[in-house]
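Here the structure is laid out as structure tokens; the discussion comes afterwards.
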Amino acid sequence: MRKNYTKQDIMRLVEEEDVEFIRLQFTDIFGNLKNMAVTASQLEKALNNGCMFDGSSIEGFARIEESDMCLHPDLSTFEIFPWRPQQGKVARLICDVYRPNGEPFEGDPRYILKRAIAEAAKLGYSFVVGPECEFFLFHTDENALPTTITHEKAGYFDLGPVDFGENARRDIVLTLEDMGFVIESSHHEIAPAQHEVDFMHDEALSTADNIMTFKLAVKTIAKRHGLHATFMPKPTCGVNGSGMHINMTLFQDGKNIFIDDNDEFGLSREAYYFIGGIMKHMKGITAVTNPLVNSYKRLVPGYEAPVYIAWSVTNRSPLIRIPASNTGGVRVELRSPDPSANPYLALAVCLRAGLDGIVNQIMPPKCVEGNIFEMSAKQREEYGIKELPGTLIEAIHYMEKDNLIKDVLGDHAYGKYLEAKKEEWHRYRSQVTAWEINEYLNNY
């Protein structure tokens, strides 16, 4: 939950709690958390939006001739890090990025999500999101560098002593709770060394902020246990990758508008249209929700991740499902995103795609209740089931064809994002992998 702090509240807390450093955090367009640290003596200047930085040094932000950027702290995000010293504590403020003339920087991912939220507000909607974040805990080497080594063999819902990461996961949960998170559940996932922590749904901007905070906390606490936490989608061949399922709901006047008790699936027209909009734009969205070359190593048959663009009620094989609820709530779960995605951009494109479905009354195809992975290609064709992009460059091509994505991101972020991702693909396809050597060297 957001806190209604004033500048005076924060200055008082910093003094009372013996906070010495304040980290002014922001996120670049590729989902990397950045920060500038100031001492308590500079806090008033920071709270008055007086802290500047060089935007040309942040990938995808600005050219050197227009590089001056200003950080505007969001006072509601003030938080003291529980893992730092108790004397001379460290706190953080999440910031919006502005130009010196007082205009929001159009390439700031937080601003991009705010714009999408404003579009929803024009229609009378608020966007509520609950993420399911998966990650791996691996050993580090003698130089404290990350490896993909784990000695555990634990699987889904296993517990200690089989689950070697149980203590680290417990400390992660307790730390997050100290920071105000409401943790709904945590457990070992299917793959060895893979874990999931689910926190309570919230308004979209708070959820995106929370995802960034979550990643920082997980990595920090894992390191204290001598482990490396990674949100890389598919770090190990032959086992499940890590996803970040997004559970989405639209509210109007405090009411979940996806609910219709008279419908066979309990879904309103708006829910159907929202699903239809997501499905229409899904191929264009994928370069944002699955932004790495490695993301597409997860999106293959046989490892539970979705591959086909379809929707269902409870069935877990399609891309979108309507999970069962014992509280009467209805939500739309998108199962393709992975935790390497920039949460601000991912939520922005999903929201705008869903709103496009509502505005233009886009009905989705028929609900698919069978296991799509067991269907033949002919059966999938009969259902009209399309596939997600299979590689990053394919996803980029679909993104270029979808004008909605360009409108959501804005010209600046859209151009920088495409440029960087095409370069990433070029670097990847220029490599000769160990698999190619093993497969071809002796035979050819």
Side-chain angles (χ1 to χ4, degrees), residues 19-21 23 25 27 31-35 37 79-92 131-200 209-245 294 298 338-341 343:
V19 174
E20 183 58 40
F21 288 94
R23 296 188 178 276
Q25 298 180 340
T27 301
N32 300 307
L33 189 65
K34 306 291 184 179
N35 85 172
E79 196 69 56
I80 297 173
F81 289 145
W83 58 78
R84 299 298 293 172
Q86 293 308 293
Q87 289 184 332
K89 296 177 184 176
V90 179
R92 74 93 199 271
E132 301 173 30
C133 299
E134 296 174 345
F135 57 93
F136 283 84
L137 293 175
F138 290 127
H139 293 297
T140 56
D141 65 16
E142 62 274 11
N143 297 315
L145 297 175
T147 73
T148 56
I149 297 170
T150 180
H151 299 309
E152 70 155 51
K153 304 293 184 183
Y156 199 49
F157 276 41
D158 277 345
L159 63 160
V162 178
D163 174 6
F164 292 178
E166 186 178 55
N167 289 339
R169 192 174 69 242
R170 182 191 64 216
D171 284 355
I172 287 168
V173 168
L174 293 175
T175 299
L176 290 168
E177 288 186 333
D178 283 346
M179 299 181 75
F181 280 69
V182 178
I183 303 299
E184 295 188 329
S185 66
S186 66
H187 59 87
H188 196 285
E189 260 295 340
I190 292 175
Q194 188 183 32
H195 305 265
E196 179 177 319
V197 177
D198 301 332
F199 47 90
M200 190 174 180
D209 288 341
N210 287 341
I211 290 170
M212 296 305 299
T213 301
F214 172 83
K215 289 182 179 182
L216 176 63
V218 168
K219 284 181 171 290
T220 301
I221 302 306
K223 190 171 183 179
R224 290 196 161 192
H225 285 261
L227 299 168
H228 174 73
T230 181
F231 294 93
M232 181 179 174
K234 185 85 169 185
T236 306
C237 179
V239 299
N240 285 24
S242 289
M244 185 178 70
H245 299 178
N294 181 256
R298 167 180 167 258
D338 69 55
S340 68

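Ile149 contributes atom CD1, which lies 10.5 Å from atom OG1 of Thr236 (distance to the nearest 0.5 angstrom). Annotation: the span from Thr27 atom OG1 to Asn35 atom CG amounts to 10.5 Å, rounded to 0.5 Å. The distance from atom CD of Gln25 to atom OG1 of Thr213, rounded to the nearest 0.5 Å, is 6.0 Å. Atoms NE2 and OG1, from His225 and Thr140 in turn, are 13.0 Å apart once rounded to the nearest 0.5 Å. Expressed to the nearest 0.5 Å, how far CZ of Phe138 lies from OG1 of Thr147 amounts to 7.5 Å. The distance from atom NZ of Lys219 to atom NE2 of His228, rounded to the nearest 0.5 Å, is 4.0 Å.
Taking each heavy atom of Arg169 and His195 in turn, the nearest pair found is NH1-ND1, 2.9 Å. Across all their heavy atoms, Asp198 and Cys133 have their closest contact at OD1-N, 4.0 Å. Scanning all heavy atoms of the two residues, the minimum distance from Ile221 to Ala168 falls at CG2-O, 4.1 Å. The two residues Phe135 and Val197 come nearest to each other via the heavy atoms CE2-CG2, 4.0 Å. The two residues Thr175 and Pro82 have their closest heavy-atom pair at CG2-CG, 3.7 Å.
A 6.0 Å sphere centred on NZ of Lys223 holds no more than 12 heavy atoms belonging to other residues, nucleotides or ligands.
Each of Asp171, Val182, Ile183 was scored for a side chain to side chain contact (heavy atoms under 4.5 Å, CB included) with Leu176, with one residue passing: Ile183.
Not one N or O on the side chain of Asn143 forms a donor-acceptor pair closer than 3.5 Å with the backbone of Leu145.
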- Decide yes or no on side-chain contact (heavy atoms from CB on, under 4.5 Å) for His139 and Leu227, but give the supporting numbers first. CA-CA 5 Å; His139 293 297; Leu227 299 168; 3.9 Å; yes
- Task: Begin from the C-alpha positions of Trp83 and Asp178 and carry the test side-chain contact (heavy atoms from CB on, under 4.5 Å) through to its verdict.
- Result: CA-CA 10 Å; Trp83 58 78; Asp178 283 346; over 6 Å; no
- Task: Check the pair Met244 / Phe231 against side-chain contact (heavy atoms from CB on, under 4.5 Å), numbers first and verdict last.
- Result: CA-CA 9 Å; Met244 185 178 70; Phe231 294 93; over 6 Å; no
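Between Phe214 and Phe199, the ring-plane angle classifies as tilted under the 30° and 60° cut-offs.
The shortest distance between side-chain heavy atoms of Ser242 and Gln194 falls below 4.5 Å. Within the 4.5 Å cutoff, the side chain of Phe81 has no heavy atoms near those of the Thr220 side chain.
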